[in-house]
Amino acid sequence: MDGVSFIVTVFDKRAYLPRVLAALAGQRGPFRREFVFVDDGSSDGSAELLAELTAGWEEPVSILRQENRGAASATNRGAAKASLAWLKLLDGDDLLLPGATANLLAAAMASGQPFAYGGLDFYDPAAPDPCEGRAAATGFSLAEDGLARFIRNCPANSSSILVSAARYRETGGCDERLVSPDQALFLRLFATGGGVRLAGPVALVPKDAPGRLSQQRGRSRYESVLALHYLVAENPGLSERHKRLAYRRALSRAWRFHRHHGGSAVFSGHFLRLVASRLPLPVDRARAIERSLAAFTPDGNSDRPAEWLPGAERARRASWSRG
């Protein structure tokens, strides 16, 4: 089998790293491997601990450091360093289940697909051994209209993904305009071709991880809808069905979030746009999705709040404003 480059992004994950690395080192299979860790501006000594814990590993290990630019940027940095045919992505507090990489690679090879993914489950960070008695899914099938599936929702994250380096580069990799690599990367991968899906979890995510983007509801919803905006605005060859699905999904998410968290009445501008999306009216879908981003921000504007930007970008903007 071809080799696998493990791309692990880390931002202030020191407390999780011993378990993450133990699960990573336990990935078995008849394939070559290398490990590329990208420390995204950690301030808790994560990079130093990575160097300490991997000092005795036989396989090639690279530890890259950058200022805090977000997980999407860090993933691309790791992918650029990778030298093997396949990329196995991993967030710095997620645990790969035993057999995950081998099963994903076997599914990709058997199906002839350059992209495979599985599901996720949760683990308790206080548990002695969250992976004990568990194994990654083995059964797989071709992902039927994966683009539509990930327009509707993002039931997985980058830790679920094994992708050929060629396919990753063909799609443009992660969209660095977003902090999270997750939904936008799935959309890019499925917009350029098919994939294979394992029917079960391949990784575990912590039940409670302070600071994780998925737990910041407004910010994570903003990112997912912004990914839909870029999908519609920048893919002229996208089918009418997928454009319509992304348009309606974005407006539905905006109205529901604004209704539950914005403290406004049902009949807001977001509701009116949602109703209009069900009618056969001419509309600039990309612009409508962009306007819906205002539902998720604290100030009710479509622009991303400065506090949601990675530290390096916040510092640059502060420098510009002082200048």
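Both backbone and side-chain heavy atoms feed into the values below; hydrogens, waters and symmetry mates do not. Along the sequence shown, the residues carry numbers beginning at 1.
- In this structure, the side chain of S180 engages the main chain of D182 through a donor-acceptor pair within 3.5 Å.
- For R219 (side chain) and W308 (main-chain N/O), a donor-acceptor pair under 3.5 Å exists by modelled atom type.
- Looking at every heavy atom in both residues, G300 comes nearest to A294 through O-CB, 3.3 Å.
- Under a 3.5 Å cut-off, the side chain of N235 and the backbone N or O of L231 do form a donor-acceptor pair.
- For the side chain to side chain contact (heavy atoms under 4.5 Å, CB included) test with L204, the passing option among L120, D93, L97 is L97; the others fail.
- Salt bridge E67/R69: present, at least one basic N to carboxylate O contact under 4.0 Å.
- The main-chain N or O of G118 is never found under 3.5 Å from a side-chain atom of R197 such that the two would form a donor-acceptor pair.
- Annotation: the span from L228 atom CG to H242 atom NE2 amounts to 12.0 Å, rounded to 0.5 Å.
- Residue pairs meeting the ring-ring contact (aromatic ring centres under 6.0 Å, His included) criterion with at least one partner in residues 121-148, sequence neighbours excluded, are absent.
- No side-chain donor from either of Q66 and D39 sits under 3.5 Å from a side-chain acceptor of the other.
- For residues 290-302, the set of pairs meeting the side chain to side chain donor-acceptor pair (under 3.5 Å) definition, not counting sequence neighbours, comprises R287-E290, T297-D299, D299-N301.
- How far CD1 of I161 is from CG of L87: 10.0 Å, rounded to the nearest 0.5 Å.
- Of the possible polar contacts, one joining the D145 side chain to the A148 backbone as a donor-acceptor pair under 3.5 Å is found.
- Remark: R169 engages no residue in a salt bridge (charged side-chain N to carboxylate O under 4.0 Å, His left out) (not counting sequence neighbours).
- Between Y16 and P206, some side-chain heavy-atom pair lies under the 4.5 Å cut-off.
- Using a 4.5 Å heavy-atom cutoff, the side chains of P155 and F150 are in contact.
- Residues meeting the ring-ring contact (aromatic ring centres under 6.0 Å, His included) test with F37, sequence neighbours left out: none.
- Residue pairs meeting the side chain to side chain donor-acceptor pair (under 3.5 Å) criterion with at least one member in residues 79-88, sequence neighbours excluded: E34-S83.
- Between L147 and F186, the closest side-chain pair of non-hydrogen atoms is not below 4.5 Å.
- For R285, the side chain to side chain donor-acceptor pair (under 3.5 Å) test picks out E240, with sequence neighbours left out.
- With contacts defined as side-chain heavy-atom distances shorter than 4.5 Å, the pair L96/V202 does not qualify.
- To the nearest 0.5 angstrom, L187 atom CG is 11.0 Å from T171 atom OG1.
- Residue pairs meeting the ring-ring contact (aromatic ring centres under 6.0 Å, His included) criterion with at least one member in residues 92-114: none, sequence neighbours excluded.
- Here R248 contributes atom CZ and I289 contributes atom CD1; the two are 12.0 Å apart, rounded to the nearest 0.5 Å.
- In this structure, CZ in F257 is found 13.5 Å from OG in S252, a value given to the nearest 0.5 Å.
- Side chains of Y247 and V232 form no contact here, defined as non-hydrogen atoms less than 4.5 Å apart.
- Under a 3.5 Å cut-off, the side chain of T192 and the backbone N or O of L189 do form a donor-acceptor pair.
- Between K13 and D44 there is no salt bridge, since no side-chain N of the basic residue sits under 4.0 Å from a carboxylate O of the acidic one.
- Using a 4.0 Å cut-off between a side-chain N of Lys or Arg and a carboxylate O of Asp or Glu, R217 and E223 do not qualify as a salt bridge.
- When atom types are taken as modelled, the side chain of S46 and the backbone of S42 share no donor-acceptor pair closer than 3.5 angstrom.
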Which atom pairs, one a donor and one an acceptor, fall under 3.5 Å between side chains of residues 273-281 and the rest of the protein, sequence neighbours left out?
from: R273; atom 1: NH2; to: H270; atom 2: ND1; distance (Å): 3.2
from: S277; atom 1: OG; to: L274; atom 2: O; distance (Å): 2.5

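- Contact between L49 and P18 at its shortest, heavy atoms only, is CD2-CD, 4.3 Å.
- Cation-pi contact between R33 and F31: present, with separation from the ring centre below 6.0 Å and deviation from the ring axis of at most 45°.
- A heavy-atom distance below 4.5 Å is not found between the side chains of T75 and S158.
- Residues passing the ring-ring contact (aromatic ring centres under 6.0 Å, His included) test with F115, sequence neighbours excluded: Y117, F190.
- Scored by the salt bridge (charged side-chain N to carboxylate O under 4.0 Å, His left out) test, D124 finds no partners at all (sequence neighbours excluded).
- Pairs of residues two or more places apart, or lying in two chains, that qualify as side chain to side chain donor-acceptor pair (under 3.5 Å) and include a residue from residues 95-107 are Q27-T101.
- V20 places a side-chain heavy atom less than 4.5 Å from the side chain of L90.
- A donor-acceptor pair shorter than 3.5 Å can be found between the side chains of N68 and D40.
- Looking only at distances, no side-chain donor or acceptor of R14 sits under 3.5 Å from a matching main-chain atom of F11.
- With a 4.5 Å cut-off on side-chain heavy atoms, L64 and V36 count as touching.
- Evaluation of the side chain to side chain donor-acceptor pair (under 3.5 Å) test over residues 48-62, restricted to residues two or more places apart or in two chains, returns E48-R65.
- Note that CD1 of I7 is 7.0 Å distant from CG of L89, once rounded to the nearest 0.5 Å.
- A cation-pi contact, defined as under 6.0 Å to the ring centre and within 45° of the axis, is absent between R304 and Y222.
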